[in-house]
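Computed from a predicted structure; not experimentally measured. Lettering follows sequence order; numbering is per chain, from 1.
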Protein chains: 2
Amino acid sequence: MSISNPNKNLGEFEQLILLAILRVNNKSHGSEIADTIEQYGNRNTNFGALYTVLSRLEQKGLVVSEVGEATAKRGGRAKKYFKVTGAGEIAVKQSVNTILNMSKGLNLLLDKTMSIQ
Amino acid sequence: MSISNPNKNLGEFEQLILLAILRVNNKSHGSEIADTIEQYGNRNTNFGALYTVLSRLEQKGLVVSEVGEATAKRGGRAKKYFKVTGAGEIAVKQSVNTILNMSKGLNLLLDKTMSIQ
DNA sequence: CGCATAACTTATACATTGTATACTATATAT
DNA sequence: ATATATAGTATACAATGTATAAGTTATGCG
């Protein structure tokens, strides 16, 4: 067996955030990302946690951000839009495929009609 | 949006370890688990890291261990066998299904012939 | 006007999980 | 008897996850 891991792994919440951004057409701001994770990921999120991880993903070059204009809505501070970079897409693909590969054949699906394809 | 997360999440390495134990017919010792993660998970492992996480999983009640007899092989200290508990199986199912649900339709598969079913 | 309120983001702190190095224990081969 | 292989433990530190509180900007409404 080898000694060290050459791949840089994503944590689970990092994966979910990257997947959520891709789901929202890859130009997503905080509350869209949170809503998407809640809807598809079946778990709650916390804005503080979310933005913390987003800024770490940006430091690692897996997402980029761009500040837009303020909304016309009451409140409406300028939104920060996030996109997954090429490196981010590769990273999330590898993570998802690793889990799938390990899961294959183990009959773990809760929704038996589900398939990733 | 809600404020806190009621589900206890698994980390990615925890997931891989649980999946590896299930793969090895659910009575697995350290080096089998490591080998399985290397083979299916496409990444290296480190024994120190592995045993640390195994003992945390045991503390959380997601695996149980049992010490067997020493091997007849050169060396062969008594092996510690791990099994995934019911709670462990539920936890890993939820984690895997969350990732799948978030990934569905995003065309992230590297091996296009792969499906979890 | 000006102040309460809503939408969004940032700062900060701490808990949990991931990883590596070094060490202990046991048995076999030479 | 002692070097070596197998298997696991102890420990320390880095990376990731999470929550609370605070800051920024605009709108609505008295």
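For D/dT18, the OP1/OP2 oxygens have a side-chain nitrogen or oxygen of B/Asn9 closer than 4.0 Å. Close to C/dT26, at under 4.0 Å from its OP1 or OP2, lies no side-chain N or O of B/Lys79. Side-chain nitrogen and oxygen atoms of B/Lys60 include none within less than 4.0 Å of the OP1 or OP2 phosphate oxygen of C/dT16.
Remark: C1' of D/dG8 and CD of B/Glu66 are 16 Å apart, rounded to the nearest angstrom. Following rounding to the nearest Å, A/Leu10 (CG) and C/dT19 (C1') show an atom-to-atom distance of 16 Å. Taking atom OH of residue B/Tyr81 and atom C1' of nucleotide D/dA7, one finds them 11 Å apart after rounding to whole Å. In this entry the distance linking CD of A/Gln59 with P of C/dT10 reads 12 Å, nearest Å. Between A/Leu50 atom CG and C/dT10 atom P the separation is 11 Å, expressed in whole Å. The interatomic distance linking A/Leu16 (CG) with D/dT16 (P) rounds to 15 Å, in whole Å. Taking atom CD of residue A/Glu12 and atom P of nucleotide D/dG17, one finds them 8 Å apart after rounding to whole Å. The nearest whole Å value for the distance from the CZ atom in B/Arg43 to the P atom in C/dG18 is 9 Å.
The base of D/dT9 does not come close enough to the side chain of B/Thr52 for any donor and acceptor atom to sit less than 3.5 Å apart. Below the 3.5 angstrom threshold, one finds a donor paired with an acceptor across the side chain of B/Arg77 and the base of C/dT24.
Salt bridge status for B/Glu14 with B/Lys60: present, with a side-chain N to carboxylate O gap under 4.0 Å.
No donor-acceptor pair closer than 3.5 Å links the side chain of B/Ser28 to the backbone N or O of B/Ile33. For the pair B/Arg23 (side chain) and A/Met102 (backbone), a donor-acceptor distance under 3.5 Å is present. The main-chain N or O of A/Asn97 is never found under 3.5 Å from a side-chain atom of A/Asn101 such that the two would form a donor-acceptor pair.
Nearest nucleotide to the side chain of A/Asn46, out of C/dG18, D/dT20, D/dG8: D/dT20. Between C/dA20, D/dT16, D/dG8, one nucleotide has an atom nearer to the side chain of A/Glu14 than all others, and that is D/dT16.
Positionally, the nearest nucleotide of DNA chain C for A/Ala49 lies more toward the 5' end than for the other of B/Gln15 and A/Ala49.
Under the rule for a ring pair (Phe, Tyr, Trp, His ring centres under 6.0 Å), A/Tyr40 has no partner lying at least two apart in sequence or in another chain.
Across all strands shown, B/Gly30 has heavy atoms under 4.0 Å from sugar-phosphate atoms exclusively, and none from any base. Among the heavy atoms of the strands lying under 4.0 Å from B/Phe13 are primed sugar atoms or P, OP1, OP2 only; no base atom is included.
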